Amino acid sequence: MKPYEELLLKLIRSAVLQKQEDFSEFSDFADWGNLFALSSSHSVVGMIYDKMIEVFDGKIPEKYAIWFKHSAFKEMSFQAVRSLTFASIYEELKKKNIAPVVLKGEVLRRLYPKPESRTSLDEDLLIEPEDYEPLKNELVLMGFEEAGEGRDEKHWVNKKYSVYFEIHFSPFPTEKSYESWNRIFDNYKDRSMVNENGVVLLSRTDNFIYLFLHAAIHFIYSGVGIKQLLDIALFIKNYKDEIDFKYAETMLKKAKAFNFAAEITAFIKKYFCEDVFTFTKKEVDESFAQDVFSSGSLGKSDKDRIHSANVTSTKFTGKSSLKKILFPPKKRLQIQYPFAKKYPFLLPVAWLLRLLSNLTHGKRSLQTGNERLKLIKKYGLITKKTRSDNDGND
């Protein structure tokens, strides 16, 4: 592990997990450019900024100090506004007897010492299909605009406050590849809970399982980063007495994701908190750890890695075609080019940019995809039998 990677982990442990750390070995640290690039790619600058200034006050060159400060301020100020707006919107929806289940962002943010430092681009809501129309009508009255849709989700944006909602009708896509995953959450509403702020959530155990499977999706496509694994670490740390770990293990095995989940808990134990629950006593796979570091947030560290999803995702779903590679589903295109999500009429421009980028990065993307495919297969997330033929049973 490189020194700036080790330093980032120490800063995270100290700032987020509030552990006592000795920074004396970094008294002569000078690789601020790489530390900034790494923390930015993983969207954790806001998490580490105050601790970094406390430890290295006066030792950071002015140029880098400005970069860190501006990035941290931008990340946290925008997130603070979005979170306040979300809370207000959700409260209004509840008054109309509309209470979708909230996934990820706002559920996890409150686990951090500084909630606004845990950023997210959109907020995910889970509802039953029959509840969509009442929700849609209220969003329109609140100034939201529809910003595109997929087969299993709808996208809405409030441009005034830069609040994006991704509304799901099932925890995961409804295609065959994810059937066994979705079955785990049958009757999720019957097990749901309401937190002290009146927000409806998945049960602790369902949420725990969901975090691993959601991470698995990103890992299969282009990667899972530090922030996602930190989310899981904090979730375990805060709710260990409310999670049925045995049931979670059984469900993750049915989803063919247990080995991947075990690798995550091994990573958490080694790099975040040594006293955390782990599924097995295995040592962390350093190839997995390096993949996490090079991933960036949600596997978006570079274009080669993003395009490598053409290799890994098609192996997972069992579907592959030149047309799909050149003209991917709108949702994936909007993730890659956020402007196409905000302004759907610019989708043709996004497709053209992707085509040109594929021509430029094709060979390197193919190499990255094939290398990552070996790692994904190692954890059993992709097997010789395609996901589309797999019924998910042991």
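The residues of the chain are indexed from 1 along the displayed sequence. Bear in mind the structure is a predicted one, so any value in this text is a computation, not a measurement.
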I'd like to know whether Phe169 forms a side chain to side chain contact (heavy atoms under 4.5 Å, CB included) with Thr174, so could you lay out the CA-CA distance, the side-chain angles of the two residues, the decisive distance to 0.1 Å, and finally the verdict. CA-CA 9 Å; Phe169 303 129; Thr174 54; over 6 Å; no

Pair Phe36, Trp67 - check ring-ring contact (aromatic ring centres under 6.0 Å, His included), show working. CA-CA 8 Å; Phe36 178 76; Trp67 287 2; 5.5 Å; yes

Go through Lys19 and Glu274 one step at a time and tell me if the salt bridge (Lys or Arg N to Asp or Glu O under 4.0 Å) criterion holds. CA-CA 11 Å; Lys19 300 173 70 68; Glu274 65 280 354; 3.4 Å; yes

ring-ring contact (aromatic ring centres under 6.0 Å, His included) assessment of Phe165 paired with Tyr90: CA-CA 11 Å; Phe165 283 164; Tyr90 196 87; 8.9 Å; no

Step-by-step ring-ring contact (aromatic ring centres under 6.0 Å, His included) determination, Phe212 to Phe279: CA-CA 12 Å; Phe212 285 107; Phe279 281 115; 5.7 Å; yes

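Proximity of Met52 to Tyr49: side-chain heavy atoms (C-beta onward) are separated by under 4.5 Å at one or more points. Within the 4.5 Å cutoff, the side chain of Lys270 has heavy atoms near those of the Glu286 side chain. For the pair Phe68 and Leu35, the minimum side-chain heavy-atom distance is below 4.5 Å. Within the 4.5 Å cutoff, the side chain of Leu375 has heavy atoms near those of the Phe219 side chain. Asn238 has its side chain within reach of Leu234: a pair of non-hydrogen atoms, C-beta onward, lies under 4.5 Å apart. You'll find the side chain of Arg204 reaches within 4.5 Å of the side chain of Phe235, heavy atoms only. Counting heavy atoms from C-beta on, the side chains of Thr205 and Arg191 never come closer than 4.5 Å. Annotation: side chain of Phe23 is in contact with side chain of Leu11 (closest heavy-atom distance under 4.5 Å).
Residues Thr119 and Lys227 approach most closely at O-NZ, 2.8 Å, considering heavy atoms. For the pair Pro100 and Ile127, the tightest heavy-atom approach, listed with the atom from each and the gap, is CB-CG2, 3.2 Å. Shown here for Asn195 and Asn197, the closest heavy-atom pair between the two residues is OD1-N, 2.9 Å. Between Gly225 and Val292 the shortest heavy-atom distance is C-CG1, 3.9 Å. The two residues Leu202 and Val101 come nearest to each other via the heavy atoms N-CG1, 3.7 Å. Contact between Gly46 and Met76 at its shortest, heavy atoms only, is O-SD, 3.8 Å.
Val276 and Val16 fall within a single hydrophobic cluster, where Ile, Leu, Val, Met, Phe, Trp and Tyr side chains are chained together by heavy-atom contacts under 4.5 Å.
The pair Glu6-Lys10 does not meet the salt-bridge criterion, since no charged nitrogen lies less than 4.0 angstrom from a carboxylate oxygen. Salt bridge Lys104/Asp231: absent, no basic N to carboxylate O contact under 4.0 Å.
With sequence neighbours excluded, the residues satisfying salt bridge (charged side-chain N to carboxylate O under 4.0 Å, His left out) with Lys282 are Glu263. Under the salt bridge (charged side-chain N to carboxylate O under 4.0 Å, His left out) criterion, Glu371 pairs with no residue at all, not counting sequence neighbours.
Inspection of the Asp285 and Tyr379 side chains reveals an N or O donor paired with an N or O acceptor under 3.5 Å. The closest side-chain donor-acceptor pair between Ser120 and Arg109 falls under 3.5 angstrom. Side chains of Ser294 and Gln290: no donor on one and acceptor on the other come within 3.5 Å.
In this structure, Phe56 and Trp32 have perpendicular ring planes: the angle between them is above 60°, well past the 30° mark. Aromatic ring orientation, Phe172 versus Trp181: perpendicular (interplanar angle above 60°, classes split at 30° and 60°).
Side chain of Arg13 to backbone of Tyr271: a donor-acceptor contact under 3.5 angstrom is found. In this structure, the side chain of Thr265 engages the main chain of Ala262 through a donor-acceptor pair within 3.5 Å.
Across Leu229, Leu230, Ile226, a single residue satisfies side chain to side chain contact (heavy atoms under 4.5 Å, CB included) together with His42, and that is Ile226. When each of Lys160, Lys159, Lys154 is tested with Glu145 by the rule salt bridge (Lys or Arg N to Asp or Glu O under 4.0 Å), just one qualifies, namely Lys159.
Geometrically, Arg82 does not engage Tyr164 in a cation-pi contact, judged by NZ or CZ lying under 6.0 Å from the ring centre and within 45° of the ring axis.
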